[in-house]
Amino acid sequence: MKNIVIAISGRGSNMEAIVRACESERWDARIALVVSNRADAGGLVFARERGIATAVVDHRTFASREAFDAELADVIDAAAPAVVVLAGFMRILTPGFVARFAGRLVNVHPSLLPAFPGLHTHRRALDAGCKVAGATVHLVTAELDHGPIVAQAVVPVRAGDTPDDLAERVLVQEHVLYPRAVRWLAAGELRIDGDVVHHTRGESQLLVAA
Ligand SMILES: Nc1nc2c(c(=O)[nH]1)N[C@@H](CN(C=O)c1ccc(C(=O)N[C@@H](CCC(=O)O)C(=O)O)cc1)CN2
Ligand SMILES: NCC(=O)N[C@@H]1O[C@H](COP(=O)([O-])[O-])[C@@H](O)[C@H]1O
């Protein structure tokens with residue numbers, strides 16, 4: 001059975017969706033560890049209540065980003081992960097960390113990459129007058145929010161939307177998209193051809209919400 005490690009920084013709603021899907025769909029995988037850079041991350045409570053091992057590596061207690069990443073990588077490696085999932089994890093990872101988990105490190109980003117990498121994506125999409133928004137699951141590379149795209153979900157932007165309205169609409173789709181993508185990665189069902197990722201069994205890599 002494959003081990004999955006999930007890294008969070010906050011409420012962990014995507015982590016929760018993955019935990020629930022792993023159990024209900026009986027994946028040939030288990031969530032071996034939920035790790036956070038913040039001890040007050042709400043998702044840690046859910047994980048502990050489900051009997052999942054948790055750990056905290058507080059980035060503020062390290063002298064450098066490299067030192068934090070080295071400790072985080074050691075804690076993650078101790079769980080022997082086949083897949084490392086970033087789920088609302090809010091730290092930019094160093095090239096050394098990314099290299100250690102290359103090909104099995106995945107993230108969900110709240111925009112339709114390559115549009116709007118970085119932070120405050122929904123505010124920026126609204127300010128740009130976008131008519132659609134969404135989320136992207138991508139393999140993580142050293143360059144921020146730039147890795148090969150595994151799957152995307154599209155939602156409409158509605159008149160009067162605030163960033164919170166858009167975030168809520170996108171999050172509903174993330175909770176469907178991300179578990180599906182993590183299941184594919186854990187099952188070895190992704191084929192990477194340059195920058196293009198294919199699902200080898202032909203499931204749709206696109207969700208479109210009305
Ligand atoms: N090397 C990479 N690291 C990370 C990636 C990536 O693609 N490559 N994805 C991010 C996730 N992410 C967006 O999806 C993201 C997370 C954090 C930040 C950021 O600017 N973080 C600041 C601190 C912000 C905070 O603490 O609130 C920082 O690290 O200084 C941008 C994008 C995960 N890492
Ligand atoms: N750059 C990373 C980022 O912004 N991730 C975003 O954090 C939100 C909360 O996730 P959570 O409820 O799973 O913690 C999600 O929308 C996720 O896409």
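In this text, all values refer to a predicted model and were calculated from it rather than measured experimentally. Numbering starts at 1 and runs along the sequence shown. Order of appearance sets the numbers: ligands from 1, and atoms from 1 within every ligand.
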Residue of the set Ile92, Val140, Ile76 for which side chain to side chain contact (heavy atoms under 4.5 Å, CB included) holds with Phe97
Ile76
Check whether the side chains of His175 and Ser13 place a donor and an acceptor atom closer than 3.5 Å, and report yes or no.
yes
Which residue supplies the protein heavy atom nearest to atom 18 (O) of ligand 2, what is that atom called, and how far is it?
Glu174 OE1, 2.9 Å
I need the atoms of ligand 2 closer than 4.0 Å to a non-hydrogen atom of Val108, numbered in the order shown.
5 (N), 18 (O)
Among all protein heavy atoms in this structure, tell me which lies nearest to atom 13 (O) of ligand 2, with the distance rounded to 0.1 Å.
Asn14 N, 2.9 Å
Would Thr162 and Asp165 count as having a side-chain donor-acceptor pair, cut-off 3.5 Å?
yes
Could you check ligand 1 for N or O atoms lying under 3.5 Å from protein N or O atoms and list the pairs with distances?
from     : atom 1 : to     : atom 2 : distance (Å)
ligand 1 : 1 (N)  : Leu93  : O      : 2.9
ligand 1 : 1 (N)  : Thr141 : O      : 3.2
ligand 1 : 1 (N)  : Ala142 : O      : 3.3
ligand 1 : 3 (N)  : Leu93  : N      : 3.0
ligand 1 : 7 (O)  : Asp145 : N      : 2.8
ligand 1 : 8 (N)  : Thr141 : O      : 2.9
ligand 1 : 9 (N)  : Asp145 : OD1    : 3.3
ligand 1 : 14 (O) : Asn107 : ND2    : 2.9
ligand 1 : 14 (O) : His109 : ND1    : 2.9
ligand 1 : 14 (O) : Asp145 : OD1    : 3.2
ligand 1 : 21 (N) : Met90  : O      : 3.2
ligand 1 : 29 (O) : Arg65  : NH1    : 3.0
ligand 1 : 29 (O) : Ile92  : N      : 2.9
ligand 1 : 30 (O) : Arg65  : NH2    : 3.0
ligand 1 : 34 (N) : Arg91  : O      : 2.8

Could you go through the salt bridge (Lys or Arg N to Asp or Glu O under 4.0 Å) check for Asp69 and Arg100 one step at a time?
CA-CA 10 Å; Asp69 280 16; Arg100 200 158 158 180; over 6 Å; no
Quick check on contacts: which atoms of ligand 2 are under 4.0 angstrom from a heavy atom of Leu171?
15 (C), 16 (O)
So which heavy atom on Asp161 is nearest to which on Pro156, and how close?
OD2-O, 4.3 Å
Contact check, Ile8 vs ligand 2, heavy-atom distance below 4.0 Å:
no
Ignoring hydrogens and angles, write down the donor-acceptor pairs under 3.5 Å from the side chains of residues 45-56, residues two or more places apart or on other chains.
from  : atom 1 : to    : atom 2 : distance (Å)
Arg48 : NE     : Thr54 : OG1    : 3.1
Arg50 : NH2    : Glu23 : OE1    : 2.4

Establish, from distance only, whether the side-chain atoms of Glu189 and Thr200 form a donor-acceptor pair under 3.5 Å.
no
For the hydrophobic clusters of this structure (ILVMFWY residues joined by side-chain heavy atoms under 4.5 Å, transitively), does one cluster hold both Val5 and Val85?
no
Would you please say whether a donor-acceptor pair under 3.5 Å links the side chains of Ser111 and His109?
yes
Would you say Gly12 touches ligand 2, if touching means a heavy atom closer than 4.0 Å?
yes
If you scan protein heavy atoms around atom 7 (O) of ligand 2, the nearest is Gly88 CA, 3.9 Å
So, regarding Arg11 and ligand 2 (criterion: nitrogen or oxygen to nitrogen or oxygen, under 3.5 Å), is there a contact or not?
yes
Hey, quick one: are Leu105 and Val35 part of the same hydrophobic cluster, counting side-chain heavy atoms closer than 4.5 Å, chains of contacts allowed?
yes
With a 4.0 Å cut-off, would you call Asp58 and Arg60 a salt bridge?
yes
For atom 2 (C) of ligand 2, grab the closest protein heavy atom and report residue, atom and distance to one decimal in Å.
Met90 SD, 3.6 Å
Closest non-hydrogen protein atom to atom 12 (O) of ligand 2, residue and atom name please, with distance?
Ser13 OG, 2.5 Å
